[in-house]
There are 2 protein chains.
Amino acid sequence: MVKMSDVAKIANVSTATVSRVLRSPETVKENTRKKVLSVIEELNYQPNILARHFRRNETNTVLVIVPNIMNTVFSEIVGGIEQAASISGYKVLLRNTNRDVRNEYEAIDHLKQRQVDGMILLSERLEKQTILNISQQYPVVLASAYIEGLKVPTVSIDNISSSREATEHLIKLGHKRIAHICGSLFSLISRDRVKGFNQAIYQNEIQMESVLIQEGDFTFDSGYNQMLKFLALDVPPTAVFAANDEMAMGAIKAAKENGLRVPEDLAVVGFDNIKFSSIFEPALTTIAQPKYEMGKKAMELLLEQMKGVVHTKSQYVLDSKLIIRESCGAKMAELV
Amino acid sequence: MVKMSDVAKIANVSTATVSRVLRSPETVKENTRKKVLSVIEELNYQPNILARHFRRNETNTVLVIVPNIMNTVFSEIVGGIEQAASISGYKVLLRNTNRDVRNEYEAIDHLKQRQVDGMILLSERLEKQTILNISQQYPVVLASAYIEGLKVPTVSIDNISSSREATEHLIKLGHKRIAHICGSLFSLISRDRVKGFNQAIYQNEIQMESVLIQEGDFTFDSGYNQMLKFLALDVPPTAVFAANDEMAMGAIKAAKENGLRVPEDLAVVGFDNIKFSSIFEPALTTIAQPKYEMGKKAMELLLEQMKGVVHTKSQYVLDSKLIIRESCGAKMAELV
DNA sequence: ATACTAAATGTAATCGATTACATAATCGGC
DNA sequence: GCCGATTATGTAATCGATTACATTTAGTAT
């Protein structure tokens, strides 16, 4: 392995100069710089990055903690992160937690051991206090979940308002009996979406029964199963708001299998706007999250933090948008 | 920052002993070990991993190069890689290339600079010779594309045979005019799938016209558009084999919009078995790739390579399987 | 030409764990 | 209790780039 001292010797300069040519070329006279560069070329010298990391105590790497990379919502956020990171010469270390807190703690060790310069947390199993602690010591950005009152840089959408908007959309279409299939309630996102749903219901003085809220786990099957419960009610709902698109699709499948037409007999709204929600039949009305942009923004915030920029603002709420397609019946209504 | 020498001083031993306690505890007497461990505990000592990486010239990190992490086929493979990696204490550095070769070359520099101990390549833009070169110098595993005659450890399915099987399935169902929507032909996978398609056609002495093979780019829209071309033919095909599920769905959409029923008027088979293919209506008949397992196997091979194990076998072909659902009409045929 | 400032380069310490080699402690057998 | 073998521990060099500080060179004004 060619090392810096080899280059220095042949170029007839000191290693300090070689180092400067690489890290702050403007401080080296042009002649010298050219000479050094040509020797580097000639010897095909590659700096030992590990030595640099060690000496500088930084790695140009960020850790991304994801519950499950196989979920398209997360993989799109990661896509945005990766894009922003690589533009700035940063690398992305990916850690799947499979929703196990122990894996999250392990991941935090990477931070403590300086294996990464910062961390983006897409996960939500850690205690509020733990997150606060580490974010006071290391650059950390949360993405996807807004935690009330937590002064840690966060990129998210407003889950409460979006859910309210989705639900109000159903109310405006004339529905009076509206159900909600929420995600696992240990997740803050799910709780927020329930909150928004309830706000819409109460503000519009719609009748509410607790049986009209059922907990799923964000999977297609859980959407299907919870819908079956609704259908078994004496008076089933005429509209369902599901906390994500997958469950919305499951609910629609259950409805169809029971002879209901969507949207004619049952209106459905989902959340996330995953790729397939437009392909699905009926095309899903849903709340679009700017997933890729959330990732990008999160990485940009992290970059600034790592540079030492201190933000007064800590919560970045990106715009979400209700996308009206077929499953809610609005388009059908227009035609009438 | 507490360092090893601090621990050594307080425990009244040398740094060598502390290091041994951490790296090969069995070589240290129990008393000493306990004493050292308790001091480590007491001081809350965290070894400086960067120093270790530097000294040992290894990082316990592998690089995964992916065309696009937002594509579920790749994110599932990455899921398998991550799982196998974290079990063995390895970290995963993720690099999206967006199908730009320059990004692949950049990624290779990481290997040369020893920033990672090995690499898994899910991408296919590099020259055969380039891949061979780097794989002779560093631990490398290819996943997803089998490159004929290339002696580099590879995990893949048999794309040719699988395509043949998919096509023959359509032939057995009585179709005589079968079309193929292939993926971008710069991709080896696409070319292999075309090959398998052709084999089935010729071996069964089915009529063939070159207009019955159209090139898409693995997107829903391209499937839709190519299907429109087929529908515009004087004698349109009665069956279509698409090189991935997304294009199959696009094709089905186009068919439906033109008044055809699937599978009654048009049989369709896809490839990949992405999650949504079972939800789609009609549920897609498709070739299931063991994506997660491919990732896992690739990582396991890489781990062995990094340990120095030399394999005589270099191509690992995992089982793929034809999953018969609704879109091909086989179930309908059974009922008759 | 001189004196002074600014720019360019060099010298050598430094980051902290690992490990080859050297030394010391322990054990077993007689 | 002594010797050789084995096991445990210590000493100190080492990995290679970075950078504080020292020194030299170039540039400018008088």
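These values consider heavy atoms only, across backbone and side chains, with no hydrogens, waters or symmetry-generated copies. We name chains A, B, ... by the order of the sequence lines, and we start the count at 1 in each one.
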Checklist entry - Any side-chain heavy atom of L63(A) sitting closer than 4.5 Å to one from I120(A)? => result no
Checklist entry - Between Y90(B) and M306(B), is any pair of side-chain heavy atoms under 4.5 Å apart? => result yes
With a 4.0 Å heavy-atom cut-off, tell me which residues in [range] come close to DNA chain C, sorted by residue number.
| range | result |
| --- | --- |
| residues 109-117 of chain B | none |
| residues 48-55 of chain B | N48(B), A51(B), R52(B), F54(B), R55(B) |
| residues 29-43 of chain A | K29(A), T32(A) |

Show every salt bridge (charged side-chain N to carboxylate O under 4.0 Å, His left out) that has at least one partner inside [range], sequence neighbours left out.
| range | answer |
| --- | --- |
| residues 54-83 of chain B | R95(A)-E82(B), R56(B)-E58(B) |
| residues 1-14 of chain A | none |
| residues 301-311 of chain B | none |

Checklist entry - Pairs in or reaching into residues 126-136 of chain A: which pass side-chain hydrogen bond (donor to acceptor under 3.5 Å, both in side chains), with residues at least two apart or in two chains? => result none
Using atom types as modelled and distance alone, determine if a side-chain donor or acceptor of [X] lies under 3.5 Å from a backbone N or O of [Y].
| X | Y | result |
| --- | --- | --- |
| N96(A) | N98(A) | no |
| S187(B) | S190(B) | yes |
| T97(A) | R99(A) | yes |
| K91(A) | T59(A) | yes |
| S184(A) | F186(A) | no |

List for me each residue that meets side-chain hydrogen bond (donor to acceptor under 3.5 Å, both in side chains) alongside [X], sequence neighbours excluded, and say none if there are none.
| X | answer |
| --- | --- |
| Q46(A) | Q113(B) |
| S123(B) | E104(B) |
| N159(B) | R193(B) |

Checklist entry - Can you give the first and last nucleotides of DNA chain D, 5' to 3', that have an atom under 4.0 Å from a heavy atom of chain A? => result dG16(D) to dT19(D)
Checklist entry - Under 4.0 Å between a Lys/Arg side-chain N and an Asp/Glu carboxylate O for E30(B) and K34(B)? => result yes
Checklist entry - Looking at DNA chain D, which of residues 4-28 of chain A put a heavy atom within less than 4.0 Å of it? => result M4(A), T15(A), A16(A), S19(A), R23(A)
